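Notes to accompany the following structure.
Worth saying up front: this structure is predicted, and the values here are computed from it rather than measured. Order of appearance sets the numbers: ligands from 1, and atoms from 1 within every ligand.
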Amino acid sequence: MEITNHERIDTDDRNLCKLAISELGAIYSDLNLSQEELDLLEMPKRSFIVHFPVRMDSGKNKMFVGYRVQYNDARGPAKGGIRFHPELTLDHVKDLSFLMSLKCAVVNIPFGGSKGGVVVNPKELSRNELEQVTRGYIRAIANYIGPFIDIPAPDVYTDEKIMVWILDEYERMKGEHVFAVVTGKPVELGGSKARSYSTSLGGIYVLEEAMKRMDMDKFGVSIAVQGFGNVGENAARILHDRGYKVMAVSDSKGGIINKSGLDIKAVMEHKKGTGSVLDFEGSTNITNEELLICDCDILIPAALSDQLNKDNANDVKAKMVLELANAPTTKEADDIFFDKKIMLIPDALANAGGVVVSYFEWIQNLNNDYWEEDKVLERLKKIMITAFNEVHSLCDENSCRMRKSAYQLAIKRILHAERLRGNL
Ligand code: NAD
């Protein structure tokens, strides 16, 4: 008798990835995966747990724990961010590294997927302690990363300053320059032009392609963006610059709306001055909950996960949702949107622009040849639009939702690479 995936989690101690099992479970029958294919996808290739001491400002040593999971690297070196978070767990890192494997495969860049991080609250560290934690973690994993093995990048609570410490520590250990070991660096030290806004712009390229399919006119639509950080603010700014009407935006303190459209550059200035988008002249303050169900045509969640859920999905009025945040829509909301014929462009595709430009950064570092912004944008556009068209065609063929098509495409590509290598 065939055992179910659920039973296998309980009875097996094989370091399985629960997310891989649940996502695969949902598309298992459509892809007709064999047991050996499932076995290969359900567990990460390599997981590292490291413990390392850091000399704190008090003069005393403190032990830290770090993780790095290289989920799959059949298609190329593993690629994934480094997160500093007090609640980081190995299971969560496994899930995130599985998602990175899928994301790189959806946009068809020659990378596998990884993720890592340190269990730490960076807000409780001094600048010196933060640097020592970063360097200690890199010393502990240095033999398992590298430009042709696994390439880290920024993630939650890590930034380009931390990427430079990673680069510097790695180069000290190797005794040579190795810019391609990490991405998300400042332009002056091997970073790529346009990376800072690549996630948002990549999503907008995909959005514009989707609008063509839905016969939506640029000048006839109104847009609401949740989140006004790196991704949300850049998305709102680029859309505004391209002539779209962005009618609502929000940050953690709340949102603002003006049905005739907001002057995003002025909102950015206002936020710089006051610390929030709230109370912007000529707009009305709204809650984040009101923003999600406002009368817009396109909704862009660009803040936190699980924002669109069973409690509000039925009230969403948008005809299209572009997931720039990671996992902003719960499974229940996804089902409701499908029933309501709301087009949902899933995170694995919508926010992949950042990792695509990371790939460009890696290429530039390896060739020691740096591209003008125009070249970065042209190549980003091509990759994003190709990926959208591939996912959308699959969606049309199978009358299924785009998230499922994106995962199917990614899984097929990963398994094909494994087969070519003789691993299946
Ligand atoms: P960020 O920290 O720069 O910005 C987050 C924004 O969300 C801030 O404006 C914050 O005020 C706002 N926010 C927090 N709580 C909120 C709430 N309850 N309601 C509304 N807004 C709230 O983060 P970011 O880099 O812009 O990332 C945003 C999302 O995009 C995350 O899900 C992240 O994983 C995802 N993402 C980011 C990148 C990237 O390149 N930065 C790439 C892929 C995916």
Kindly say whether Leu324 contributes a backbone atom to a donor-acceptor pair with the side chain of Asn351 at under 3.5 angstrom?
-> yes
Heavy-atom distance to atom 21 (N) of ligand 1: which of Asp155, Val249, Asp251 wins?
-> Asp251
Min heavy-atom dist Gly354 to ligand 1 below 4.0 Å | no
Lys/Arg N to Asp/Glu carboxylate O, Arg413 vs Glu390, below 4.0 Å = yes
Please indicate, with yes or no, if any protein heavy atom is found under 4.0 Å from atom 11 (O) of ligand 1?
-> yes
When Asp335 is tested against each of Lys310, Arg403, Arg401, Lys404 for salt bridge (charged side-chain N to carboxylate O under 4.0 Å, His left out), which residue passes?
-> Arg401
Compare Asn326, Val355, Val357 and give the one whose heavy atom is closest to atom 32 (O) of ligand 1.
-> Asn326
For atom 6 (C) of ligand 1, grab the closest protein heavy atom and report residue, atom and distance to one decimal in Å.
-> Gly229 N, 3.7 Å
Specify the protein heavy atom at minimum distance from atom 25 (O) of ligand 1: its residue, its atom name, and the distance to 0.1 Å.
-> Asn230 CB, 3.7 Å
Protein heavy-atom contact under 4.0 Å for atom 15 (N) of ligand 1?
-> yes
Among Leu292, Asp159, Thr199, whose heavy atom sits nearest atom 39 (C) of ligand 1?
-> Thr199
Answer yes or no: is there an ion pair linking Lys265 with Asp241, defined by an N-O contact shorter than 4.0 Å?
-> yes
Proximal atoms of ligand 1 relative to Gln226 (non-hydrogen, under 4.0 Å) | 19 (N), 20 (C)
Carboxylate-amine/guanidinium contact Arg135 Glu131, below 4.0 Å = yes
With backbone taken as N, CA, C and O and side chain as the heavy atoms from C-beta onward, which portion of Lys253 lies under 4.0 Å from ligand 1: side chain, backbone, both, or neither?
-> neither
Can you find a heavy atom in the side chain of Ser114 that is under 4.5 Å from one in the side chain of Val69?
-> no
In terms of residue, atom name and distance, what is the protein heavy atom nearest to atom 13 (N) of ligand 1?
-> Ser252 N, 3.6 Å
From atom 18 (N) of ligand 1, work out which of Leu304, Val231, Val225 has a heavy atom at the shortest distance.
-> Leu304
Assert yes or no for the condition that the ring centre distance of Tyr137 to Phe64 is strictly below 6.0 Å.
-> no
Is it true that the NZ or CZ of Lys218 lies under 6.0 Å from the centre of Tyr244's six-membered ring and within 45 degrees of the ring axis?
-> yes
Can you tell me which residue and heavy atom of the protein come closest to atom 7 (O) of ligand 1, and the distance to 0.1 Å?
-> Ala303 CB, 3.4 Å
Checking Glu129 side chain against Ser126 main chain: does a donor-acceptor pair fall under 3.5 Å?
-> yes
Quick look: Asn288 vs ligand 1, heavy-atom contacts under 4.0 Å, and the answer is side chain
Decide, yes or no, whether a salt bridge links Arg46 with Asp73 under the criterion of side-chain N to carboxylate O below 4.0 Å.
-> yes
Can Asp30 and Asn398 be said to form a side chain to side chain donor-acceptor pair (under 3.5 Å), step by step?
-> CA-CA 9 Å; Asp30 296 307; Asn398 301 330; over 6 Å; no
State the atoms of ligand 1, each with its element, that fall below the 4.0 Å cut-off from a heavy-atom position in Ala325.
-> 29 (C), 30 (O), 32 (O), 35 (C)
In ligand 1, the atoms that come under 4.0 Å of a heavy atom of Leu324 are 30 (O), 35 (C), 36 (N), 44 (C)
Measure Ala302 to ligand 1 on non-hydrogen atoms and call it side chain, backbone, both or neither using the 4.0 Å cut-off.
-> backbone
